[in-house]
Amino acid sequence: MAHLNMKARKEKRLQEQGILGESRTVILTRWTSSIWKLLWVELLMYILCYLAISFIYRYALPPSWQRYFEHLVLFFKSKLTGMPLTFLLGFYVSLVVNRWWNQCCALPWPDTIATFLCGVKVKDEEEEKARTLRRTIIRYCVLSYVLCLRRVSILLKKKYLTIEDIVRTGLVTKNEAARIGEEDNTQQHGVSNWSLPLQWCTQLAEKDANISTSPVYGLLLLKIADFRSNLTTVLTYGHVPIPLVYSQVVHLAVYVYFATCLIGEQWLIRGKGGEVEEIDLYFPIFMTFKFLFFFGWLRVAEALYNPFGEDDDDFALRELINRHLKVGMKIVDKLEDPPQLVKDVFMGQSDPVLIANINNGFAEEIEVEAQKEEIDMGTREKELEMITISGETEPGV
């Protein structure tokens with residue numbers, strides 16, 4: 001029973017997190033893809049270094065060396081304000097996030113191509129042949145998708161080390177794989193045949209009399225061209241990264257800033273004039289918050305820099321590939337006829353509403369719902385009256 005309860009709670013939590021990708025009620029307590037998972041080791045080591053320096057300053061140094069260290073702390077603290085860390089890091093993270101989102105939007109979907117293929121009118125005796133052609137075109141689209149992203153994705157490269165691994169999935173035949181080639185060259189341009197299956201799609205559509213004479217033929221070629229253009233855009237992002245010197249400058253600025261903070265943010269035994277300070281907290285409370293904010297910012301950029309990797313926030317390419325193949329094939333199969341045409345329940349209504357429809361015999365349910373709302377409103381009004389009365393009778397008010 002306890003196992004079932006735990007399973008039910010886990011399923012409920014997954015359902016909550018599945019709404020728009022997250023649940024706002026658990027955003028600070030989540031572990032997957034969280035700041036705590038990314039930074040807890042580094043934060044722990046940083047705090048230990050800070051406390052080690054503080055211990056040496058308080059208990060290992062003689063008074064003369066303590067005064068010298070205090071002057072050093074004040075000097076470091078005065079220099080911390082001049083570092084443009086927020087500007088450098090904010091601009092860098094903004095650039096990386098925009099780049100990550102543009103790559104996400106550039107990933108093509110074969111649904112439109114499949115929909116246009118279904119719009120081609122085919123004779124009854126040629127339906128089986130036409131269905132095979134439609135499925136082949138969708139398979140070629142997904143094949144180009146895999147071959148293209150395999151060049152920039154570590155995840156897909158590990159899953160499909162050679163073209164033979166793709167042959168074993170059934171996405172490409174041995175004859176087609178021989179015409180495509182090995183696809184193991186790491187050069188950026190002009191050595192891959194990932195777009196060859198899309199070229200086969202256009203040739204098959206041109207040779208088929210039903211498609212080439214259909215009104216949607218031009219739109220179909222346009223969508224195939226858009227599919228290839230989007231894959232080219234994604235591939236370009238992988239081949240042209242952010243300049244290395246810019247990334248180095250940002251990382252160097254963050255590391256130098258927090259290395260300086262190890263000295264500049266120390267709590268002092270004496271103040272500037274030698275008197276005892278009013279407060280000495282020992283632990284770096286506010287520096288810990290700064291570490292979480294700035295290093296969290298930097299780790300966001302590092303996690304999103306290459307969205308085709310194996311991190312928690314990277315694109316779920318394997319799920320996308322399976323989805324494209326499944327949905328595309330399901331669209332072009334046309335195995336089920338659409339439902340029979342019937343008049344909808346809103347026929348004749350000038351202002352239809354999405355509630356239980358009175359004309360369909362749901363008047364009783366509507367009346368019950370209205371009564372429940374009136375009872376709830378009455379209960380709320382009574383609660384407000386009780387709160388107001390209790391507030392007025394409190395002493396001293």
Side-chain angles (χ1 to χ4, degrees), residues 24-97 242 244-305 311-313:
R24 296 186 183 275
T25 59
V26 297
I27 189 171
L28 291 179
T29 58
R30 285 179 56 184
W31 176 256
T32 304
S33 304
S34 66
I35 187 175
W36 322 116
K37 181 179 179 180
L38 292 175
L39 289 179
W40 76 271
V41 175
E42 295 177 346
L43 178 60
L44 179 62
M45 297 299 297
Y46 189 77
I47 292 176
L48 290 178
C49 290
Y50 178 93
L51 295 177
I53 295 174
S54 178
F55 180 85
I56 294 172
Y57 158 62
R58 296 171 185 275
Y59 304 108
L61 296 180
S64 59
W65 282 91
Q66 285 182 346
R67 286 191 292 271
Y68 178 80
F69 181 80
E70 290 163 3
H71 289 301
L72 187 65
V73 169
L74 295 176
F75 173 76
F76 275 41
K77 184 178 294 185
S78 66
K79 298 302 179 182
L80 285 175
T81 57
M83 293 186 179
L85 187 62
T86 304
F87 172 77
L88 286 174
L89 193 55
F91 189 77
Y92 179 71
V93 173
S94 177
L95 176 63
V96 172
V97 171
I242 296 175
L244 176 62
V245 63
Y246 188 25
S247 301
Q248 288 177 337
V249 167
V250 173
H251 282 75
L252 185 62
V254 174
Y255 290 135
V256 170
Y257 178 84
F258 281 97
T260 308
C261 284
L262 286 175
I263 305 298
E265 295 289 342
Q266 288 286 338
W267 295 99
L268 300 180
I269 301 175
R270 302 174 182 84
K272 292 183 178 180
E275 70 278 4
V276 178
E277 286 202 345
E278 297 180 357
I279 189 170
D280 186 5
L281 298 181
Y282 294 90
F283 187 81
I285 300 175
F286 298 103
M287 191 187 69
T288 301
F289 289 138
K290 286 197 296 184
F291 186 93
L292 287 174
F293 297 154
F294 286 108
F295 261 92
W297 220 357
L298 186 64
R299 291 297 176 263
V300 166
E302 292 178 353
L304 302 182
Y305 190 89
D311 296 332
D312 294 332
D313 287 315

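Numbers for residues simply follow the sequence, beginning at 1.
Listed by first then second residue, pairs satisfying salt bridge (charged side-chain N to carboxylate O under 4.0 Å, His left out) with a partner in residues 80-93 number zero, not counting sequence neighbours.
Rounded to the nearest 0.5 angstrom, W65 CH2 and I56 CD1 are separated by 12.5 Å. The distance from the CD1 atom of I263 to the NZ atom of K77 is 12.0 Å, given to the nearest 0.5 Å. Atom CZ in F283 sits 9.0 Å away from atom OH in Y50 (nearest 0.5 Å). Rounding to the nearest 0.5 Å gives a distance of 10.0 Å between CZ of R58 and CG of L51. Rounding to the nearest 0.5 Å gives a distance of 4.0 Å between OG1 of T86 and CZ of F294. Atom SG of C49 sits about 9.5 Å away from atom CG of L44, to the nearest 0.5 Å.
More than 12 heavy atoms of other residues, nucleotides or ligands sit less than 6.0 Å from atom OH of Y255.
Taking both residues in full, the closest heavy atoms of I242 and S247 are given as CG2-OG, 4.2 Å, listed atom of the first, atom of the second, then distance. Of all the heavy atoms in H251 and E302, the pair that sits closest is NE2-OE2, 2.7 Å. Considering all non-hydrogen atoms of both residues, Q266 and S54 come closest at OE1-CB, 3.3 Å. Heavy-atom minimum distance, A253 versus L88: CB-CD1, 4.0 Å.
The closest side-chain heavy-atom distance from V300 to V96 is not below 4.5 Å. For the pair W36 and L43, the minimum side-chain heavy-atom distance is 4.5 Å or more. Within the 4.5 Å cutoff, no side-chain heavy atoms of F76 are placed close to those of L262.
A search for side-chain contact (heavy atoms from CB on, under 4.5 Å) contacts involving A303 returns nothing, not counting sequence neighbours. Shown here are the side-chain hydrogen bond (donor to acceptor under 3.5 Å, both in side chains) partners of T260, two or more places apart in sequence or in another chain: there are none. Listed by chain and residue number, R299 satisfy the side-chain hydrogen bond (donor to acceptor under 3.5 Å, both in side chains) test with E42 (two or more places apart in sequence, or in another chain). With sequence neighbours left out, Y246 forms a ring pair (Phe, Tyr, Trp, His ring centres under 6.0 Å) with Y92.
In this structure, F295 has its ring center at least 6.0 angstrom away from the ring center of Y46. Here Y68 and Y57 keep their ring centres 6.0 angstrom or further from each other.
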Inset, instruction - Would you sort out whether L74 and L268 count as a side-chain contact (heavy atoms from CB on, under 4.5 Å), showing the intermediate values? - result: CA-CA 9 Å; L74 295 176; L268 300 180; 4.1 Å; yes

Can you give me every donor-acceptor pair (side chain of residues 284-293, partner residue at least two apart or in another chain, under 3.5 Å) with its distance?
unit_1: T288; atom_1: OG1; unit_2: P284; atom_2: O; d: 2.6
unit_1: K290; atom_1: NZ; unit_2: Y257; atom_2: OH; d: 3.1
unit_1: K290; atom_1: NZ; unit_2: E265; atom_2: OE2; d: 3.1

